[in-house]
Amino acid sequence: MYESFYGLKEKPFSIQPDPDFLYMGKRHTLAYTMLQYAIHNRAGFTVICGDIGCGKTTLIRRLLNELGSEVKVGLVTNTHPDLADLTEWIMLAFGQPYEGLSPIARYDAFQRFLISEYSKNNRVVLIVDEAQNVNPAAMESLRMLSNINADKDQLLQVVLVGQPQLRTLLQRPELQQFAQRVAADFYISPLNSVEVGDYIDHRLKVAGRERQLFTPLATAKIAKAAHGIPRSINILCDTVLVYGFAAEARLIDVHLVDEVLNDRSQYGVLGDTNFRNSTSGNSQFGDSSFSTPSDPPKV
């Protein structure tokens with residue numbers, strides 16, 4: 001809709017997890033380095049946590065794109081607290097037969113699968129997304145699978161990806177043995193005010209825009225309103241570009257951002273759910289976090 005007006009090849013602020021648009025700030029770079037380290041060193045368990053919309057799934061997508069064919073990956077995404085045993089879903093994730101098998105038979109079949117892949121010099125990596133929904137019994141089933149070893153090598157590597165509740169889950173006393181097997185972990189916190197500006201510029205550049213589009217005050221307001229959460233930043237920026245296109249504004253200034261925030265608060269179905277307290281000064285994105293010049297006039 002607005003792409004050609006702003007010199008863009010595609011939408012820069014889609015909320016779909018597209019690795020091509022991944023902004024590798026300090027936190028995401030460290031998290032990705034931990035993932036690479038864990039995979040390379042055959043770590044048993046790796047844990048990546050972060051708030052909703054912080055870019056965890058996009059990070060995993062990039063990892064999947066860069067792994068070689070010798071790494072066999074299974075992805076489990078439909079977790080929920082009622083699952084006491086994940087082995088059926090794990091077998092399905094790796095394309096292995098599971099129907100009609102007892103828990104013991106599934107364990108034996110999966111063990112044979114791991115040994116077969118190891119004999120081919122392949123590594124097997126299981127990624128469990130939304131892992132905060134996994135109950136302690138299912139976590140224990142994962143730990144049991146991790147006991148399948150060959151000499152010094154771990155035959156199954158598990159990456160748990162989840163929201164902050166995953167940290168709380170792993171701190172429960174009954175999961176102490178599980179937590180002790182976590183070899184690498186990282187928590188992805190929200191972007192700070194400077195990173196938000198770099199994040200917006202990065203996505204615009206990937207989409208084909210080299211020149212500045214958002215003024216400094218507009219970027220500052222977006223950072224404050226979205227609390228540094230990439231998904232919220234995307235939603236707000238995309239909407240602002242629609243408003244800018246409708247107004248034929250060549251630059252996105254703070255007044256357009258304010259208009260969007262006010263309209264969402266008054267007329268949006270969800271109100272300002274993603275942008276609470278956007279005018280308060282008690283967060284890391286308060287007015288005191290910024291020292292920016294006044295917005296230039298529209299051109």
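Predicted model only: the values in this text are computed from it and were never measured.
- Between Asp185 and Met34, the closest side-chain pair of non-hydrogen atoms is not below 4.5 Å.
- Considering Ile148, Val125, Leu126 as possible partners of Leu156, the one that fulfils the side-chain contact (heavy atoms from CB on, under 4.5 Å) test is Leu126.
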Review point. Could you walk me through whether Glu88 and Arg106 pass the salt bridge (charged side-chain N to carboxylate O under 4.0 Å, His left out) check?
Key: CA-CA 7 Å; Glu88 283 187 327; Arg106 288 197 302 270; 3.6 Å; yes
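- Proximity of Leu35 to Val159: side-chain heavy atoms (C-beta onward) are separated by under 4.5 Å at one or more points.
- Ring pair Phe110/Phe113: centre-to-centre distance below 6.0 Å.
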**Study point:** Stepwise side-chain contact (heavy atoms from CB on, under 4.5 Å) check, Tyr32 with Glu66
**Key:** CA-CA 11 Å; Tyr32 193 72; Glu66 296 186 358; 2.6 Å; yes
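- Between the side chains of Glu130 and Gln132, at least one donor-acceptor pair of N or O atoms lies under 3.5 Å.
- Leu160 places none of its side-chain heavy atoms less than 4.5 Å from the side chain of Val134.
- Taking OG1 of Thr219 as the reference point, atom NZ of Lys224 lies at 14.5 Å (rounded to 0.5 Å).
- Other residues, nucleotides and ligands contribute only 12 or fewer heavy atoms inside 6.0 Å of the CZ atom of Arg61.
- Formation of a donor-acceptor pair under 3.5 Å by the Asn41 side chain with backbone atoms of Ala43 is not found in this model.
- The nearest pair of heavy atoms linking Met24 to Leu59 is SD-CD1, 4.4 Å.
- To the nearest 0.5 Å, atoms CG (Asp253) and CD (Glu259) are separated by 10.0 Å.
- No side-chain N or O of Gln154 forms a donor-acceptor pair with one of Tyr118 less than 3.5 Å apart.
- No more than 12 heavy atoms of other residues, nucleotides or ligands sit less than 6.0 Å from atom CD of Gln176.
- For the atom pair SG (Cys54) and CG (Leu191), the distance works out to 9.0 Å, reported to the nearest 0.5 Å.
- The closest side-chain heavy-atom distance from Asp51 to Pro164 is below 4.5 Å.
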Exercise for review: Could you check Ile127 against Ile60 for side-chain contact (heavy atoms from CB on, under 4.5 Å), going step by step and ending with a plain yes or no?
Suggested key: CA-CA 9 Å; Ile127 299 174; Ile60 293 299; 3.9 Å; yes
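- Proximity of a side-chain donor or acceptor of Ser265 to a complementary backbone N or O of Asn262 within less than 3.5 Å is not detected.
- Under the salt bridge (Lys or Arg N to Asp or Glu O under 4.0 Å) criterion, Lys11 pairs with Asp238, sequence neighbours left out.
- For the pair Phe214/Lys221, no side-chain contact is recorded, criterion being any heavy-atom separation below 4.5 Å from C-beta on.
- Hydrophobic clustering (ILVMFWY, side-chain heavy atoms < 4.5 Å, transitive): Tyr98 and Ile115 are in one cluster.
- Crowding of Gln180 atom CD: a count of heavy atoms from other residues, nucleotides or ligands under 6.0 Å exceeding 12.
- Ile39 and Tyr37 fall into different hydrophobic clusters, where Ile, Leu, Val, Met, Phe, Trp and Tyr residues are linked whenever their side-chain heavy atoms come under 4.5 Å apart, directly or through other members.
- In terms of hydrophobic clustering, with Ile, Leu, Val, Met, Phe, Trp and Tyr side chains grouped at heavy-atom distances under 4.5 Å, Leu114 and Val128 are assigned to a common cluster.
- Taking the six-membered ring for Trp and the full ring otherwise, Tyr6 and Phe245 have centroids separated by 6.0 Å or more.
- Of all the heavy atoms in Gly228 and Pro230, the pair that sits closest is O-CD, 3.3 Å.
- Between Glu195 and Arg27, at least one side-chain N (NZ, or NE/NH1/NH2) sits under 4.0 Å from a carboxylate O, which counts as a salt bridge.
- The cluster map of Ile, Leu, Val, Met, Phe, Trp and Tyr, joined by side-chain heavy atoms under 4.5 Å apart, puts Val242 and Ile233 in the same cluster.
- Expressed to the nearest 0.5 Å, how far CD of Gln16 lies from OG1 of Thr57 amounts to 10.5 Å.
- Here the side chains of Val76 and Thr79 are in contact, with some heavy-atom distance below 4.5 Å.
- Of the possible donor and acceptor atoms, one in the side chain of Lys56 sits under 3.5 Å from a partner among the backbone N and O of Gly50.
- Comment: Arg112 engages Asp108 in a salt bridge, judged by a side-chain N to carboxylate O separation of less than 4.0 angstrom.
- Counting heavy-atom neighbours within 6.0 Å of Phe5 CZ, excluding the residue itself, gives a total above 12.
- Taking every heavy atom of both residues into account, Tyr107 and Leu145 meet most closely at CD1-CD2, 3.7 Å.
- Rounding to the nearest 0.5 angstrom, the gap separating the CZ atom in Phe186 from the OG1 atom in Thr33 is 9.0 Å.
- In terms of heavy atoms, Arg209 sits closest to Arg250 at NH2-O, 4.2 Å.
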Exercise for review: Decide side-chain contact (heavy atoms from CB on, under 4.5 Å) for Leu261 and Val257; before the verdict, give the C-alpha distance in whole Å, the side-chain angles of both, and the deciding distance to 0.1 Å.
Suggested key: CA-CA 6 Å; Leu261 291 171; Val257 179; 4.0 Å; yes
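- Closest approach of Ala38 and Thr46 over heavy atoms only: CB-OG1, 3.0 Å.
- The minimum heavy-atom distance linking Gly55 with His28 is given by the pair CA-NE2, 4.1 Å.
- A cation-pi arrangement is absent between Arg203 and Tyr23 under the rule of less than 6.0 angstrom and at most 45 degrees off the ring axis.
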Exercise for review: Please lay out, stage by stage, how Ile200 and Cys237 fare under the test side-chain contact (heavy atoms from CB on, under 4.5 Å).
Suggested key: CA-CA 8 Å; Ile200 291 173; Cys237 285; 3.8 Å; yes
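- There is no path of hydrophobic side-chain contacts, each under 4.5 Å, that joins Ile48 to Tyr187.
- Inter-residue side-chain proximity for Val71 and Val73 is flagged as met; some heavy-atom pair is nearer than 4.5 Å.
- With rounding to the nearest 0.5 angstrom, the CD atom of Gln165 is 8.0 Å from the CG atom of Asn133.
- Using a 4.5 Å heavy-atom threshold, the side chains of Leu241 and Glu3 count as separate.
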